[in-house]
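We number each residue from 1, following the sequence as shown. Computed from heavy atoms alone, side chains included, the values below leave out hydrogens, waters and symmetry copies. This is a predicted model, so every value here is computed, not measured.
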Amino acid sequence: MQPAAPGRSPGPATDPDDPRHPVAAAARADGLTALDRVVTGCRACPRLVAWREETARTKRRAYLDWDYWARPIPGFGPPDAPLVLVGLAPAAHGANRTGRIFTGDPSGDLLYAALHRIGLTNRPESVRHGDGLQLHGVRITDPVRCAPPDNRPTTAERDTCRPWIVRELELMRPTVRTVVALGGFAWQALLPVITAAGWELPRPRPVFGHGAHLVLPAGDGGPPLELYGCYHVSPRNTNTGRLTAAMLHDLLRTAARSAGLQPTGPGPTGA
């Protein structure tokens with residue numbers, strides 16, 4: 001789905017009683033199409049609103065001819081996907097520019113190439129809306145929907161944004177079987193989301209690590225949810241070798257299989 005084009009900016013919606021606030025707006029969404037549409041109008045976090053819009057005005061020299069999206073980013077992928085990948089937040093000159101999650105920055109370049117290698121996308125590049133990219137059996141989302149300064153949302157911003165991803169997972173409960181947290185921030189942000197969406201966490205709370213794996217029972221007796229931890233696909237991790245392409249391929253392949261998908265293509269070592 002491509003979000004509606006940006007128009008004039010309305011005023012802030014910082015009061016939880018405001019019908020535009022995530023608490024109320026997310027609860028009203030009766031499907032992922034509606035949720036993806038309404039999230040793009042969120043203005044609940046003044047610092048993030050100011051930053052995403054200032055970035056769009058000043059731009060980066062390489063993107064002076066771009067009309068930045070400069071709004072919250074919805075999830076991307078089919079509504080019945082059994083596999084969900086969760087990142088951190090949009091990049092200021094990546095998704096905040098292109099309007100699609102993990103699109104237009106090095107992190108996205110690595111992630112979509114890896115997904116293509118195992119047959120979960122129809123092409124390895126993600127450039128912008130309308131470029132023909134499709135995801136197969138996987139949806140990608142973030143716990144924070146606006147680009148934050150220094151890529152560091154505050155705890156309050158993360159919590160304010162939480163209703164969007166809670167509702168997303170609630171709506172996907174009939175089909176979602178596996179979630180991958182890309183990085184420690186995503187892991188910590190997901191724990192209260194998972195319980196709010198209907199699954200149970202062990203005590204003490206699980207610790208993040210690359211390859212961490214849990215099977216979480218549903219509180220209503222429905223299908224369990226498998227949770228995996230993966231180092232974030234950031235240049236900081238890949239440039240230092242903390243996360244290699246082989247590590248990413250292996251983990252995504254394992255997570256895809258656990259979700260009932262059948263990843264294709266050669267393994268990281270050519271096996």
Cluster overlap Leu169 with Leu88, hydrophobic side-chain contacts below 4.5 Å: no
Nearest 0.5 Å, what's the CG-CZ distance between Asp142 and Phe102? 6.0 Å
Check: Asp80 main-chain N/O paired with Thr175 side-chain donor or acceptor under 3.5 Å: yes
Is there a side-chain contact between Leu85 and Leu252 in this structure, where contact means two heavy atoms from C-beta onward sitting under 4.5 Å apart? yes
Which atom pair, heavy atoms only, marks the closest approach of Ala186 to Gly87? CB-O, 3.1 Å
Closest heavy-atom pair and its distance - Arg123, Glu125: NE-O, 3.2 Å
State, yes or no, whether a side-chain contact exists between His136 and Gln134 at a heavy-atom distance under 4.5 Å. yes
Check: Trp69 side chain, Pro72 main-chain N or O, donor-acceptor pair, under 3.5 Å: yes
Given 3.5 Å as the limit, does a donor-acceptor pair link the side chain of Asp150 with the main chain of Arg152, or not? no
Measuring from atom NE2 of His116 to atom OG1 of Thr264, what distance do you get when rounded to the nearest 0.5 angstrom? 8.5 Å
For a side-chain contact (heavy atoms from CB on, under 4.5 Å) with Val86, tell me which candidate from Leu182, Ile165, Val180 qualifies. Ile165
Can you find a heavy atom in the side chain of Ser107 that is under 4.5 Å from one in the side chain of His232? yes
Quick one: CG on Leu120 to OH on Tyr112, what's the gap to the nearest 0.5 Å? 12.0 Å
Under 4.5 Å between any side-chain heavy atoms of Tyr68 and His93, yes or no? yes
Classify the ring geometry between His213 and Tyr228 as parallel (under 30°), tilted (30 to 60°) or perpendicular (over 60°). parallel
Side chain to side chain, Ile140 and Leu115, heavy atoms closer than 4.5 Å: yes
Report, one line per pair, each donor and acceptor closer than 3.5 Å where one atom sits in a side chain of residues 199-209; sequence neighbours left out.
unit_1: Trp199; atom_1: NE1; unit_2: Pro223; atom_2: O; d: 3.2

Once salt bridge (charged side-chain N to carboxylate O under 4.0 Å, His left out) is applied, do any residues pair with Glu170, and if so which ones, sequence neighbours excluded? Arg167
Mind listing the closest non-hydrogen atom pair of Thr98 and Gly104 along with its distance? CG2-CA, 4.2 Å
Do Leu216 and Leu251 land in one hydrophobic cluster if side-chain heavy atoms of ILVMFWY residues count as linked below 4.5 Å? yes
Salt bridge or not between Glu53 and Arg43? Use side-chain N to carboxylate O under 4.0 Å. yes
Between OG1 on residue Thr244 and CG on residue Leu248, distance to nearest 0.5 Å: 8.0 Å
Using a 3.5 Å distance criterion without hydrogens, assess whether the side chain of Thr103 forms a donor-acceptor pair with backbone atoms of Ile101. yes
Heavy-atom pair with the smallest gap, counting every atom of Gly137 and Pro82: O-CD, 3.1 Å
Given Arg173 and Asp220, is the salt bridge (charged side-chain N to carboxylate O under 4.0 Å, His left out) satisfied, shown in steps? CA-CA 11 Å; Arg173 278 202 66 185; Asp220 61 1; 2.9 Å; yes
Between OG1 of Thr40 and CD1 of Ile73, what distance do you get to the nearest 0.5 Å? 9.0 Å
Does Pro192 offer a backbone N or O that forms a donor-acceptor pair with the side chain of Thr195 under 3.5 Å? yes
Can any side-chain N or O of Glu157 pair as donor or acceptor with the backbone N or O of Thr154 at less than 3.5 Å? yes
I'd like to know whether Arg236 forms a side-chain contact (heavy atoms from CB on, under 4.5 Å) with Asn239, so could you lay out the CA-CA distance, the side-chain angles of the two residues, the decisive distance to 0.1 Å, and finally the verdict. CA-CA 6 Å; Arg236 176 182 298 177; Asn239 291 342; over 6 Å; no
Are Val38 and Leu48 linked, directly or through intermediate hydrophobic residues, by side-chain heavy-atom contacts shorter than 4.5 Å (ILVMFWY only)? no
Given 3.5 Å as the limit, does a donor-acceptor pair link the side chain of Asn237 with the main chain of Val233, or not? no
I'd like to know if the side chain of Asp131 reaches the main chain of Arg128, judged simply by a donor and an acceptor atom lying under 3.5 Å from each other, with no hydrogens or angles considered. yes
Hydrophobic clusters here meaning ILVMFWY residues chained together by side-chain heavy-atom distances under 4.5 Å, can you tell me if Val144 and Val166 are in one? no
Counting C-beta onward and ignoring hydrogens, is there a side-chain heavy-atom pair between Thr178 and Ser258 closer than 4.5 Å? yes
Between Asn122 (side chain) and Gly132 (backbone), is there a donor-acceptor pair under 3.5 Å? yes
Atom of Ala44, atom of His21 and distance for their closest heavy-atom approach: CB-CD2, 4.2 Å
Ionic contact status for Arg162 with Asp159, cut-off 4.0 Å: yes
Please determine if Glu226 and Arg177 form a salt bridge, counting it only when a charged side-chain N lies under 4.0 Å from a carboxylate O. no
For a 4.5 angstrom cut-off between non-hydrogen side-chain atoms, does Leu243 reach His210? yes
For the residue pair Pro22 and Cys42, establish whether any side-chain heavy-atom pair is separated by less than 4.5 Å. yes
Run through Arg71, Arg145, Arg139, Arg100 and flag the one making a salt bridge (charged side-chain N to carboxylate O under 4.0 Å, His left out) with Asp36. Arg139
With a sphere of 6.0 Å drawn around CZ of Arg47, does it hold more than 12 non-hydrogen atoms of other residues, nucleotides or ligands? yes
Between CD1 of Ile118 and CG of Leu261, what distance do you get to the nearest 0.5 Å? 8.5 Å
Check the hydrophobic clustering (I, L, V, M, F, W, Y; side-chain heavy atoms under 4.5 Å; chains of links allowed) and say if Ile194 and Val84 are grouped together. yes
Which atoms form the tightest heavy-atom contact between Phe185 and Pro153, and what is the distance? CZ-CG, 3.5 Å
